[in-house]
Number of protein chains: 2
Amino acid sequence: MTVTLADVAVRAQVSPATVSRVLNGNYPVAASTRERVLRAVDELDYVLNGPASALAAATSDLVGILVNDIADPFFGIMAGAVQSEIGGPGGRAGGERLAVVCNTGGSPERELTYLTLLQRQRAAAVVLTGGAVEDTAHAAAVATKLRKLAAAGTRVVLCGRPPAPAGTDAVALTFDNRGGGQLLTEHLIGLGHRRMGYIAGPEERTTTRHRLEGHRDALAAHGVPDDPAWTVHGRYDRRAGYEATLELLRREPGLTAVVAANDTVALGACAALRDSGLRIPDDVSVVGFDDLPFSIDAVPALTTVRLPLADAGARAGRLAMGREEAPPDGIAQIRGELMVRGSTGAPKGV
Amino acid sequence: MTVTLADVAVRAQVSPATVSRVLNGNYPVAASTRERVLRAVDELDYVLNGPASALAAATSDLVGILVNDIADPFFGIMAGAVQSEIGGPGGRAGGERLAVVCNTGGSPERELTYLTLLQRQRAAAVVLTGGAVEDTAHAAAVATKLRKLAAAGTRVVLCGRPPAPAGTDAVALTFDNRGGGQLLTEHLIGLGHRRMGYIAGPEERTTTRHRLEGHRDALAAHGVPDDPAWTVHGRYDRRAGYEATLELLRREPGLTAVVAANDTVALGACAALRDSGLRIPDDVSVVGFDDLPFSIDAVPALTTVRLPLADAGARAGRLAMGREEAPPDGIAQIRGELMVRGSTGAPKGV
DNA sequence: CCCTACATAGAAAGCGCTTGCTGCACCGTT
DNA sequence: AACGGTGCAGCAAGCGCTTTCTATGTAGGG
């Protein structure tokens, strides 16, 4: 019923082997023969059977991209950039690759399951984005999985994620979350803030920890008091930012600034402040992290740290395709850039 | 080197056929045998070879999701919902399916290429999201492709997209863009607006046309003048909204409202108005479309039409899996809900 | 004019899995 | 006691492609 390689071969009056070679272009085929084959392909409207091809060649053209939340532009931007580089349609590379974007929802189990699924598909490469979960058992399981993937010829790239344990020869592009956190808090300290609330992400994520550490480093470096009660953990979403802000205000009505784990959380914080009758930045300054597209449209525009998400994703894509050399030691630290905008100002009375 | 079904069979002292049947669970296998097999699978850490399985069974567990822009939450939300329903890890269904999210960037060619790629992979289902391009040649090409996919057993679902030509037995979940556009403009007319600018999306998209038609229908129905110069086309992004607004202001400084093609564009419009020294909604009212999460955080919050993106995506996922009955005629119209918020008010002097 | 070299095409052996059919116990019937 | 069922397991034939190895035709070199 469906057209197969053999059908094309018959029509072009050549052997199946020749058709395969024309299609793969990795073996000399006389120009006239090639043309005949291509015409037959066209006339029969032949479409290669991917699974069969993958089975015979022991590799597929699938590239997996693991993200925590596909509805979050933070991941969408990276995923899009990866995809544009791996040579899918419209990508600049030749071979046509299919990007498989997998939504883990931040769940370690799902992450593992997706890795198995990709292993099952004999994926050509896997890109893991976003922070890792700090759970020893899980980290070990992931490392094992990655090692197996690598052993099976799947290239593994971490994008915006801390390096995997040694042994996994995965290339890592990590964001300098710590440095970014420091930048932000130093900016606030420089403006005169001394009582700053911190809305952190989920406790067990590396991203959360690093950003928070950066904040604390800055506080310590400048001798600014750091009350544990001024830090609240929550999810990386608007709602969490809203609620955490109300909670912080309850605990310390005298806060002059709120440092949010990321831009989305910061928006929630802004909403909560506004609803509490506080003006930004006159009463309370707010900072975010990531510089997602909408941050500039907040009113006032959000002071934040810009992460080059698209660049990082593109680079990860190239690394996944072996089109770019891995950084020394397989690790590259990517810095963020402080974007000072309207949501921060000097505290009242300074 | 890699463990195969045969290895497991040897270890469990059964035939490969039995192992396959245990794994697929679609054939009676004695409990004791099953257990032995499962233990062997576990001990050997066996991972099924997807391509081989797909080849032999003539179907795969890949589900394709085509989106215009993966970095846009509009699509991210739908894609995430589809994915959670198709039974990937964490999904409620049993079988483990891999969602392949394909980023067309709105390009017809890429759309076609991706469909071919999915056809090549013998995808179990394909979900197309977002408006279609109104180009006869392209539409015909897509229809042909969809027909072939369907013939090959791939289920096709359109989500937020107008129904495909008859013959393609694709189920369509379409958004009532026209009705939504009408709602918005009627709301403005009701507030007293008479000079409204309209920032439309790219000309050739169905979504663009339908929303614009809704707007014009409302104008006509209420006898409000409709100057063609008050409509500007642009892309569906913030930048386009910003520039289009400046252009509209240049053409007609007396505008009292700006109707944007979607929320993202509306944000750009707000920024342009603000930068022009105009207050929202005191000087100019603004409305968007879609009600993306960030719309409520705009200041003032955006009046818009809420589209149940997550619900629609989930439903599309279920349809793609054959877990939900198709609507009569294979078409379901999904209405939007008017969300009146702070960005609209009566024009000055009313 | 024969021999070696090169360029191309073909034959055929899998790749690892699924599945229709067959085989064989064991059981309840007549 | 012979027989048809029924429940499980195995055999073996592919699924459609890639790729190694071999065969052939042609062109040059001696």
Side-chain angles (χ1 to χ4, degrees), chain A residues 1-38 40-41 44-62 95-96 117 119-124 152-153, chain B residues 1-38 40-41 44-62 95-96 117 119-124 152-153:
Chain A
M1 200 205 85
T2 57
V3 183
T4 71
L5 234 208
D7 299 328
V8 176
V10 169
R11 174 132 196 162
Q13 308 190 58
V14 294
S15 73
T18 303
V19 177
S20 170
R21 299 205 258 246
V22 168
L23 262 27
N24 291 298
N26 47 15
Y27 191 88
V29 173
S32 65
T33 312
R34 161 186 283 92
E35 199 176 319
R36 201 142 33 87
V37 170
L38 290 179
V41 165
L44 295 177
D45 206 10
Y46 169 67
V47 174
L48 183 71
N49 182 315
S53 164
L55 170 58
T59 56
S60 81
D61 44 10
L62 255 41
E96 283 172 344
L117 240 36
Q119 179 184 6
R120 170 180 300 185
Q121 298 297 335
R122 306 297 187 255
Chain B
M1 202 205 83
T2 57
V3 183
T4 71
L5 234 208
D7 299 328
V8 176
V10 169
R11 173 129 196 163
Q13 309 190 58
V14 295
S15 73
T18 302
V19 177
S20 170
R21 299 204 257 245
V22 167
L23 262 27
N24 291 299
N26 47 15
Y27 192 87
V29 174
S32 65
T33 312
R34 162 187 281 94
E35 199 176 320
R36 202 143 32 89
V37 170
L38 290 179
V41 165
L44 295 177
D45 207 9
Y46 169 68
V47 174
L48 184 72
N49 183 316
S53 163
L55 171 57
T59 57
S60 80
D61 45 11
L62 255 40
E96 283 173 344
L117 241 34
Q119 180 185 6
R120 169 179 302 184
Q121 298 297 335
R122 306 298 189 255

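Source: prediction; values computed, not measured. Any value given below was found using the heavy atoms of this structure, including those in side chains, with hydrogens, waters and symmetry copies removed. In the text below, chain A, chain B and the rest are named by the order of the sequence lines, each starting its count at 1.
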Legend entry - CD-CG distance between Gln121(B) and Leu48(A), expressed to the nearest 0.5 angstrom: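 Taking CD in Gln121(B) and CG in Leu48(A), the distance rounds to 9.0 Å.
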Check: How long is the span from the CG atom in Asp7(B) to the OG1 atom in Thr2(B), to the nearest 0.5 Å?
Finding: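 Output value for this atom pair is 8.0 Å.
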Could you tabulate the donor-acceptor pairs under 3.5 Å formed by side-chain atoms of residues 22-32 of chain A, not counting sequence neighbours?
{"residue": "Asn24(A)", "atom": "ND2", "partner": "Ser20(A)", "partner atom": "O", "Å": "2.9"}
{"residue": "Asn24(A)", "atom": "ND2", "partner": "Ser20(A)", "partner atom": "OG", "Å": "3.3"}

_I'd like the 5' and 3' limits of the part of DNA chain C contacted by chain B, with heavy-atom contacts below 4.0 Å._
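The contacted stretch runs from dG16(C) to dC21(C).
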| task | Could you check how far CZ of Arg21(B) sits from P of dG10(D), rounded to whole Å? | result |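 Checked: the CZ to P distance equals 9 Å.
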Point to revise | Tyr27(A) OH to dT22(D) P, straight-line distance once rounded to whole Å | key: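 One finds 12 Å between P of dT22(D) and OH of Tyr27(A), rounded.
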Any pair with a residue in residues 12-30 of chain A that passes salt bridge (Lys or Arg N to Asp or Glu O under 4.0 Å), sequence neighbours left out, goes on the list, sorted by first then second residue, please.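 Every candidate salt bridge (Lys or Arg N to Asp or Glu O under 4.0 Å) pair involving residues 12-30 of chain A fails, so no pair, neighbours aside, qualifies.
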- Task: Would you check if Arg34(B) and Val14(B) make a side-chain contact, meaning some heavy-atom pair closer than 4.5 Å?
- Result: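 Counting from C-beta outward, Arg34(B) and Val14(B) never come under 4.5 Å.
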Worksheet item: Hey, does Gln13(A) have a side-chain heavy atom less than 4.5 Å from the side chain of Thr18(A)?
Response: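 A side-chain contact is absent here, since even the closest heavy-atom pair is not under 4.5 Å.
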**Message:** Just N and O in the side chain of Ser15(B): are any of them under 4.0 Å from OP1 or OP2 of dA9(D)?
**Reply:**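 No, because none of the side-chain N or O atoms of Ser15(B) sits under 4.0 Å from OP1 or OP2 of dA9(D).
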Next item on the list: For Ala17(B) and for Ala6(A), find the nucleotide of DNA chain D with the closest heavy atom, then tell me which residue's nucleotide is more 5'.
Entry: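 Whichever sits nearer the 5' end wins; that is Ala17(B).
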How far apart are the closest heavy atoms of [X] and [Y], and which atoms are they?
X: Leu55(B); Y: Ala52(A); answer: CD1-CB, 3.6 Å
X: Val37(B); Y: Ala12(B); answer: CA-CB, 3.9 Å
X: Ser60(B); Y: Ala123(B); answer: OG-CA, 3.8 Å
X: Arg122(B); Y: Val47(A); answer: NH2-O, 3.9 Å

Can you pull out how bent the helix from dC1(C)-dG30(D) to dT30(C)-dA1(D) is, comparing the axes over its first five and last five pairs, to 10°?
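Overall, the helix from dC1(C)-dG30(D) to dT30(C)-dA1(D) bends by 50° from one end axis to the other.
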- prompt: Got a sec? Which of residues 49-58 of chain A come in under 4.0 Å of DNA chain C, heavy atoms?
  reply: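 Nucleic-acid contacts, sorted: Leu55(A), Ala56(A).
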*asked:* Run the salt bridge (charged side-chain N to carboxylate O under 4.0 Å, His left out) test against Arg11(A) and tell me which residues pass, sequence neighbours left out.
replied: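 Listed in chain order: Glu43(A).
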*asked:* By nearest heavy atom, map Val47(B) and Gln13(A) onto DNA chain C; which one lands nearer the 5' end?
replied: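 In this pair, the answer is Gln13(A).
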